[in-house]
Amino acid sequence: MRKDRPDTGTYASIRIDNKLYKEIELTDEPQVIKVQTKRGYDILKVHDRGIEVIESDCPTDDIDAIL
């Protein structure tokens with residue numbers, strides 16, 4: 001929990017190359033976040049107090065290697 005923010009909910013940290021890019025509150029209301037880097041992009045959707053990747057230009061072979 002960050003000291004400059006009251007404990008009002010659950011947050012996700014988006015990191016790029018292990019550096020904080022953005023913190024997002026996991027809300028019931030839908031939010032769509034596009035993360036663009038020199039290597040490509042991801043589109044994230046926050047909803048129902050969770051987060052998921054809904055689109056990515058990552059090649060399938062790279063995803064299989066991570067899983």
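Keep in mind it's a predicted model, so treat the numbers as computed, not measured.
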- Task: Over all heavy atoms of both residues, which pair between E25 and G9 is shortest? Give the atoms and the distance, please.
- Result: OE2-CA, 3.9 Å

- When rounded to the nearest 0.5 Å, the distance separating CD1 of I33 from NZ of K45 is 11.0 Å

- Item | P30 to H47 - nearest heavy-atom pair and separation | CA-CB, 4.3 Å

- What about Y11 and Y21, same hydrophobic cluster or not, with Ile/Leu/Val/Met/Phe/Trp/Tyr joined at side-chain heavy-atom distances under 4.5 Å? no

- Task: Could you go through the side chain to side chain contact (heavy atoms under 4.5 Å, CB included) check for I16 and V35 one step at a time?
- Result: CA-CA 9 Å; I16 299 172; V35 179; 3.6 Å; yes

- Query: So do the side chains of K22 and L20 get within less than 4.5 Å of each other, counting heavy atoms only?
  - Reply: no

- Item | side chain to side chain contact (heavy atoms under 4.5 Å, CB included) against Y41, all qualifying residues, sequence neighbours excluded | K34, Q36, I43, E55, D57

- Query: Is I54 linked to L26 within one hydrophobic cluster, defined over Ile, Leu, Val, Met, Phe, Trp and Tyr using a side-chain heavy-atom separation of less than 4.5 Å?
  - Reply: no

- Is I51 reachable from V32 through a run of hydrophobic residues whose side-chain heavy atoms are each under 4.5 Å from the next? no

- Task: Run the numbers on R49 and D28 for side chain to side chain contact (heavy atoms under 4.5 Å, CB included), then give the verdict.
- Result: CA-CA 5 Å; R49 300 195 181 270; D28 287 322; 3.3 Å; yes

- Item | Carboxylate-amine/guanidinium proximity below 4.0 Å for D17 and R39 | yes

